[in-house]
A.B. asks: 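Questions regarding the structure given below will be posed in turn.
Keep in mind that what you see is a predicted model, and the values were worked out from it rather than measured. A note on names: the letters A, B, ... follow the listed sequences, proteins ahead of strands, and every chain is numbered from 1.
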Amino acid sequence: MSREYVLNPVERAEPLRIDYASLLNEQQLAAVQAPAGPILVIAGAGSGKTRTLTYRVAWLIEHGVPADHILLMTFTNKAAREMLSRVELLLKRDVKGIWGGTFHHVGNRVLRRHAAMLGYKGDFSIMDREDAKDLINACLTDAKIDTTKERFPKGDVLADVFSLAINTERTIAQVLTGHYPYFEQLAEQVAKVETAYRERKLKTNAMDYDDLLLNWLRLMREHADIRALYQSRFQYVLVDEYQDTNKIQADLIDLLAAQHRNLMVVGDDSQSIYSWRGANFQNIITFPDRYAGTQVFKIETNYRSVPEILELANESISANVRQFPKELQAVRKSGTKPWLIQCGDGNQQANFVAQRILELRDEGYLLNDIAVLYRSHFHCMEVQMELQRRNIPFSVTSGLRFFEQAHIKDVAAYLRYAINPGDELAFKRAAQLLPGVGGKTADRLWALASGGKPLGRMEHDAPKKATAEWKQFAATIAELREPGLANQPGAMIRRVIECGYDNYLKARYANYTARLEDLNQLQIFAQRFESTEDFLSDLALMTNVESEDETAPEQENEERVRLSTVHQAKGQEWGVVFVVYLNDGMFPSVKSLENRDGEEEERRLFYVAVTRAKDELYLSYPLLRFSASQQELLQKPSRFVLEVPPELMEEVKANLRSREY
DNA sequence: AGAGTGGGCCTTTTT
DNA sequence: GGCCCACTCT
């Protein structure tokens, strides 16, 4: 929205550039102009939460708060970037000094400076989930736990257990009891593996995602001078999506804001959807108790959706017991009721979606303004195929993040090992790209290399058939470490590709060109960084390819239907939204119903899904589903559509031949 | 012994 | 598409 802003007519030494009163509603204005101190903003879906935060930041700066004394915590790095660029537009001035981003992002930034105090080096690597799993599995093998006698959790599960323990600040035993009772008796051994894992991370100079929070907190708790440094620096702390913070994040914030107590948290308990990651909306609910003198603001005017959609949302969420009572008010004029579409099976559902999208395009909707949302990634298979078949452009926020694709990780492993010679995982990954080198040989080579043997003298230690490739590998690493190259990640990537990875790629993958193109994009992206560490940490902390779009900015404006999980649709909006596979057991998912609070969280997720829609909402469910065993399963509609009064929806049966829906 | 390959089985959500 | 397992090849 571009609006002219008028200078405030009131005489001031330095007049305000922004006329807040004409740009914000009363509730938003009150929050933006609130006096310093603890502030809780309960902001319903589509009520201008981001707008409020953005103007608050602008307001602070206009009132003389230096940009680098402001900390803005957001749920994605993209959200931080968008907010800050809007602030710049408003103020017509650079606000680069603001510290903004995700908890992990800011943690990384702090830890790079003070790593030495924790026994780490400043050039530590960041491990993603796959790395964590691999390293835990290695620890598991080392620990010689007899996994045959008794079923013992695998690296995957252990990574979850460790993560939950850190994020909720509970012990391993407590997490096992609460979430994995069938492993409860193994608590002692699991804790031993965790200790080994922690030591191994320190030894290889690598941190996983949770370490970026845990070590940051430790740093501030254990070192009074560091604590004082950041406590006095951050005069104003603002936290977006506060309902999705977990224990450790809340503690970080409490500690950071302890001196000035100028803490503004914004959120909506009805949209808390990350409890499986340790998020606890008790943080938002108990905020006024923890901060005496909290000013509470409620923003309940919804600008986004037509009243019919909002009514459905309000009605649905009212079934939840645990929440702040609230009712969103619509300002938009009456539109159309949400549709409830019964389909024969997944294919018919996909057909319906595709057909309706074409019609919407004829009616004048841009494809960019249409989204298909679902509970789990695999629910979008049929829709993807149908859109493909009809040549309707779409983009998927896939389960795989950009960084997690094999070829991206391969090249990154070269860079990681080059700048952090202690990075065991990176070394082993790169080594296993050579012919005849698998896990065991990589272990052996690592033992030699980490013991101090120069790579250049190891060609006889590598398998015979890999001698030439080993020489090339050693030469490439040496070259990457040369001062001229070591801080130019873009040039480093180019070298890795040219020095053999290109050939490997050709031989290994059928879609060679697509992958090479990814690497070219990666190189372009990398060129913007002045240090390889910065580049690698940004890469590892990047969220989805599509949602961050760092590497392919030209796609931003392309006309595409968006396919996304509801989780990844958080904070976004579209003119028309389809929610598919609204079947009991799919949405809500079977798994979620296993624990007590699961259903309420799934209902909040449903609430998030429907409140993404501005004009039209299509809720669909198939009656039959093809299961893995090729059997057709009879499906029930989701309890979430059955529990809202039927008169709030227009019920239809998809019948594509006659196009009656 | 260890590397590489193919088939069968399963799939919640993510920094 | 990923993971595990069994099988074959070096």
A.B. asks: Take the protein atom CZ of R129(A) and the nucleotide atom P of dG1(C), then report the distance between them rounded to whole Å.
C.D. replies: 21 Å
A.B. asks: Check whether any side-chain nitrogen or oxygen of S592(A) sits under 4.0 Å from OP1 or OP2 of dT13(B), and answer yes or no.
C.D. replies: no
A.B. asks: By nearest nucleotide on DNA chain B, pick out whichever of G436(A) and I273(A) is the more 5' one.
C.D. replies: G436(A)
A.B. asks: Could you tell me the separation between the CG atom of D156(A) and the C1' atom of dC3(C), rounded to a whole number of Å?
C.D. replies: 9 Å
A.B. asks: Taking the inter-plane angle between the rings of H379(A) and Y581(A) on a 0 to 90° scale, is it parallel (under 30°), tilted (30 to 60°) or perpendicular (over 60°)?
C.D. replies: tilted
A.B. asks: Is there a side-chain polar atom (N or O) of Q568(A) under 4.0 Å from OP1 or OP2 of dT13(B)?
C.D. replies: no
A.B. asks: Measure CG/L539(A) against P/dT15(B) and give the value in whole Å, please.
C.D. replies: 13 Å
A.B. asks: Whole angstrom is fine here: how far is it from CD in Q405(A) over to P in dG2(C)?
C.D. replies: 10 Å
A.B. asks: Once you measure the plane-to-plane angle for W99(A) and F234(A), does it fall in the parallel (<30°), tilted (30-60°) or perpendicular (>60°) bin?
C.D. replies: perpendicular
A.B. asks: Can a cation-pi geometry be assigned to R112(A) and F124(A), taking NZ or CZ under 6.0 Å from the six-membered ring centre and within 45° of the ring axis?
C.D. replies: yes
A.B. asks: In whole angstrom, give the distance that lies between atom CG of D443(A) and atom P of dA1(B).
C.D. replies: 16 Å
A.B. asks: Which word best sums up how the rings of Y501(A) and Y414(A) line up, parallel for under 30°, tilted for 30 to 60°, or perpendicular for over 60°?
C.D. replies: perpendicular
A.B. asks: Take the protein atom CG of D160(A) and the nucleotide atom C1' of dT13(B), then report the distance between them rounded to whole Å.
C.D. replies: 11 Å
A.B. asks: Rounded to whole angstroms, how far apart are NZ on K591(A) and C1' on dC10(B)?
C.D. replies: 10 Å
A.B. asks: Taking only the side-chain heavy atoms of K154(A) (C-beta and beyond), determine which of dT15(B), dC4(C), dG2(B) contains the nearest atom.
C.D. replies: dC4(C)
A.B. asks: Which of the following nucleotides, dC4(C), dC3(C), dT14(B), is nearest to the side chain of W276(A)?
C.D. replies: dT14(B)
A.B. asks: Any idea which heavy atoms bring R416(A) and A426(A) closest together, and the distance?
C.D. replies: CB-CB, 3.7 Å
A.B. asks: For Y274(A) and dT13(B), are the ring centres under 5.5 Å apart with planes inclined under 30°?
C.D. replies: no
A.B. asks: Give K440(A) one of three labels, base, sugar-phosphate or nothing, depending on what nucleic acid heavy atoms sit under 4.0 Å from its own.
C.D. replies: sugar-phosphate
A.B. asks: For the side chain of T441(A), starting at C-beta, report the closest nucleotide among dT13(B), dA3(B), dT15(B).
C.D. replies: dA3(B)
A.B. asks: Which part of the nucleic acid does V566(A) contact within heavy-atom distance under 4.0 Å: base, sugar-phosphate only, or nothing?
C.D. replies: nothing
A.B. asks: If you compare every side-chain N and O of T565(A) against the phosphate oxygens of dT14(B) (OP1, OP2), does one of them come in below 4.0 Å?
C.D. replies: yes
A.B. asks: Starting at the 5' end of DNA chain B and moving along, which residue's nearest nucleotide shows up first, L434(A) or Y209(A)?
C.D. replies: L434(A)
A.B. asks: To the nearest Å, how far apart are L213(A) CG and dT15(B) C1'?
C.D. replies: 8 Å
A.B. asks: Using only side-chain N and O atoms of H377(A), determine if any of them is under 4.0 Å from OP1 or OP2 of dT13(B).
C.D. replies: yes
A.B. asks: Between Q243(A) and E241(A), does the side-chain hydrogen bond (donor to acceptor under 3.5 Å, both in side chains) criterion hold? Intermediate values first, please.
C.D. replies: CA-CA 5 Å; Q243(A) 78 282 353; E241(A) 309 280 12; 2.9 Å; yes
A.B. asks: Would you indicate what K570(A) reaches in the nucleic acid, counting non-hydrogen atoms under 4.0 angstrom: base, sugar-phosphate, or nothing?
C.D. replies: nothing
